[in-house]
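These notes are about the structure you will find just below.
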Amino acid sequence: MFDKILIANRGEIALRVIRAAREMGIRTVAVHSTADTDAMHVRMADESVCIGPPPGTDSYLSIPSIIAACEVTGAQAIHPGYGFLSENANFVQIVEDHDLTFIGPTAEHIRIMGDKITAKDTMKDLGVPCVPGSDGGVPDVESAKALCAEIGYPVIVKATAGGGGRGMKVAMSAAEIESAFRTARTEAKAAFGNDEVYIEKYLTTPRHIEIQVFGDGKGGAVHLGERDCSLQRRHQKVFEEAPGPCISQEERDRIGKICADAVARINYTGAGTIEFLYEKGEFYFIEMNTRLQVEHPVTEAIFGVDLVREQIRVASGLPMSFTQDDLTINGHSIEVRINAEKLPEFSPRPGRITQFHAPGGLGVRMDSALYDGYNIPPYYDSLIAKLIVHGRDRPEALARLHRALGELIVDGVETTVPLFHALLEEEAVLTGEYNIHWLEKWLETDP
Ligand code: ADP
């Protein structure tokens with residue numbers, strides 16, 4: 001086992017990793033920008049190294065600074081958290097070239113899944129159900145028209161190198177395909193420096209269901225069921241739950257086994273998430289994330305496992321601490337993402353926290369790097385806390401969420417907490433009968 005690991009991240013996820021490491025008796029090194037000198041992850045780690053000025057590109061994304069921080073502190077492994085360098089295959093290669101361990105999958109797996117066409121081809125070959133569409137990039141408008149006539153409208157044109165919901169255009173009919181194709185190309189070129197696009201059948205009312213997988217890197221893998229993350233705004237998740245309110249045990253077993261077998265066959269290492277759109281009882285693969293996800297705590301809650309501990313174990317060469325048979329679902333869990341943002345436009349609100357009180361009690365977990373007097377810097381993501389509740393069933397989890405939100409105090413900046421109070425009044429949220437468009441429509445009509 002490692003003696004010391006470095007966490008190449010900040011905020012709540014850096015704390016999450018420090019906590020797991022401490023319970024394992026591993027020392028931790030925090031890295032931080034000059035804007036984060038007083039941040040909680042710096043206080044909680046055993047050691048810290050300042051790696052640059054505030055902008056992420058000069059600090060949390062600076063590969064030479066992070067490698068140098070490992071060398072001066074003697075850290076043997078790097079946990080990337082999510083975001084920043086977590087899905088950067090080049091970074092993983094450099095880490096390995098310096099005889100350090102990356103706590104995550106191989107550079108090759110990150111590269112395969114980072115390119116959406118290669119990812120889809122690979123998953124298809126591994127027996128994972130995919131959205132019907134072009135096999136690979138679509139070179140020109142004429143081929144796009146021919147293909148769409150075959151698969152039928154509506155369709156969605158997506159950037160191969162896309163991410164964060166950008167570079168996607170829907171065409172409802174043949175009249176719209178030419179402009180959708182050209183716009184998607186132009187946007188892809190501008191945003192990702194690569195204008196390759198592919199086309200898929202557009203599913204009109206799907207849910208977002210993702211399967212958590214975990215591999216030992218030696219051909220063994222398990223799945224930890226699904227998370228339903230259908231409540232999204234601009235393709236950003238805001239409310240996540242596990243298990244999915246509409247997924248039966250038979251469906252879970254079936255799709256879970258397909259996913260676990262797929263990652264086992266490629267000797268995948270560590271945590272991964274296979275994302276699907278789910279409509280009329282069918283799963284359609286959209287992408288795989290080769291990292292820990294923001295919403296991983298809902299899975300931890302219902303299975304009673306520590307996914308970060310497991311990542312560190314497997315990266316150090318130890319076997320996984322559970323088998324598929326050990327994994328049974330206990331109750332229901334919900335996470336809400338609390339952002340420092342002003343409603344209704346969701347504009348970022350950095351600033352000083354004048355009062356902070358975290359909710360507690362049975363079945364409540366608060367993952368946050370906030371404290372009284374903390375100054376939220378304007379340079380990074382606006383996520384300031386994740387409130388995760390666990391109950392024996394969905395109604396109990398909803399009641400607990402309502403109760404915990406009532407206890408939470410965050411003064412000094414505006415947050416998205418009022419959104420969750422309002423959502424908990426909605427019939428669709430209470431019954432779980434929503435799809436990926438529900439929240440956007442509700443926000444338009446019910447500000
Ligand atoms: P990104 O990497 O940019 O997040 P994804 O491929 O994961 O892109 O898609 C993001 C979101 O776009 C999905 O969660 C879904 O809301 C929507 N989407 C993507 N593909 C389709 C499709 N074929 N039909 C309907 N909606 C889609």
Side-chain angles (χ1 to χ4, degrees), residues 82-83 86-88 110-124 128-138 144 147-148 150-173 176-177 180-181 183-185 187-194 196-211 226-241 244 272-280 282-291 293-295 337 381 434-443:
Y82 52 68
S86 61
E87 290 175 289
N88 184 320
I110 294 177
R111 205 168 280 130
I112 290 172
M113 297 306 164
D115 178 284
K116 296 191 167 206
I117 292 180
T118 322
K120 215 173 151 179
D121 282 350
T122 307
M123 286 299 178
K124 216 183 208 172
V128 175
C130 295
V131 193
S134 61
D135 286 318
V138 179
L147 175 84
C148 297
E150 205 178 293
I151 61 175
Y153 289 89
V155 298
I156 183 166
V157 187
K158 299 166 83 172
T160 309
R166 288 177 305 163
M168 292 189 288
K169 284 283 163 280
V170 176
M172 295 310 291
S173 68
E176 291 173 15
I177 186 63
F181 184 84
T183 318
R185 272 223 139 146
E187 284 190 15
K189 181 81 191 165
F192 313 109
N194 173 355
E196 190 179 41
V197 296
Y198 63 108
I199 294 179
E200 282 178 352
K201 177 110 187 128
Y202 181 69
L203 303 169
T204 48
T205 53
R207 298 178 76 111
H208 175 111
I209 302 284
E210 55 185 37
I211 306 292
E226 77 285 358
R227 294 181 286 260
D228 189 323
C229 313
S230 301
L231 289 179
Q232 302 182 358
R233 178 182 171 270
R234 303 210 173 147
H235 304 303
Q236 301 286 323
K237 301 161 187 167
V238 303
F239 175 112
E240 301 108 344
E241 61 184 309
T273 298
I274 305 188
E275 296 193 339
F276 294 95
L277 295 174
Y278 173 84
E279 193 173 77
K280 301 190 185 97
E282 298 292 334
F283 290 89
Y284 302 94
F285 169 77
I286 48 172
E287 68 169 343
M288 177 168 184
N289 294 317
T290 50
R291 56 169 160 84
Q293 306 247 136
V294 176
E295 60 273 22
R337 298 192 191 191
D381 195 86
Y434 45 72
N435 60 48
I436 59 168
H437 305 298
W438 185 89
L439 182 61
E440 292 270 2
K441 285 201 189 112
W442 180 79
L443 286 168

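Residues: numbered from 1 along the sequence shown. Counting starts at 1 for both ligands and their atoms, in listed order. All heavy atoms count here, side chains included; hydrogens, waters and symmetry mates do not.
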Less than 4.0 Å between a side-chain N and a carboxylate O, is that true for [Y] and [X]?
| X | Y | answer |
| --- | --- | --- |
| Asp135 | Lys120 | no |
| Lys169 | Glu187 | yes |
| Arg227 | Glu240 | no |
| Glu279 | Arg207 | no |

Task: Within the 6.0 Å centroid threshold, strictly below: Phe283 and Tyr278 - done: yes
Ligand 1 N/O to protein N/O, distances under 3.5 Å:
unit_1: ligand 1; atom_1: 2 (O); unit_2: Lys116; atom_2: NZ; d: 2.7
unit_1: ligand 1; atom_1: 2 (O); unit_2: Glu287; atom_2: OE1; d: 3.3
unit_1: ligand 1; atom_1: 2 (O); unit_2: Glu287; atom_2: OE2; d: 3.3
unit_1: ligand 1; atom_1: 3 (O); unit_2: Gly164; atom_2: N; d: 3.1
unit_1: ligand 1; atom_1: 3 (O); unit_2: Gly165; atom_2: N; d: 2.5
unit_1: ligand 1; atom_1: 6 (O); unit_2: Lys116; atom_2: NZ; d: 3.0
unit_1: ligand 1; atom_1: 6 (O); unit_2: Lys158; atom_2: NZ; d: 3.0
unit_1: ligand 1; atom_1: 7 (O); unit_2: Glu287; atom_2: OE2; d: 2.9
unit_1: ligand 1; atom_1: 8 (O); unit_2: Lys116; atom_2: NZ; d: 2.8
unit_1: ligand 1; atom_1: 12 (O); unit_2: His235; atom_2: ND1; d: 3.4
unit_1: ligand 1; atom_1: 16 (O); unit_2: His235; atom_2: ND1; d: 3.4
unit_1: ligand 1; atom_1: 20 (N); unit_2: Lys158; atom_2: NZ; d: 2.8
unit_1: ligand 1; atom_1: 23 (N); unit_2: Glu200; atom_2: OE1; d: 3.0
unit_1: ligand 1; atom_1: 23 (N); unit_2: Lys201; atom_2: O; d: 2.9
unit_1: ligand 1; atom_1: 24 (N); unit_2: Leu203; atom_2: N; d: 2.9

TODO: For Glu196, check salt bridge (charged side-chain N to carboxylate O under 4.0 Å, His left out) against everything at least two apart and list the hits.
DONE: none
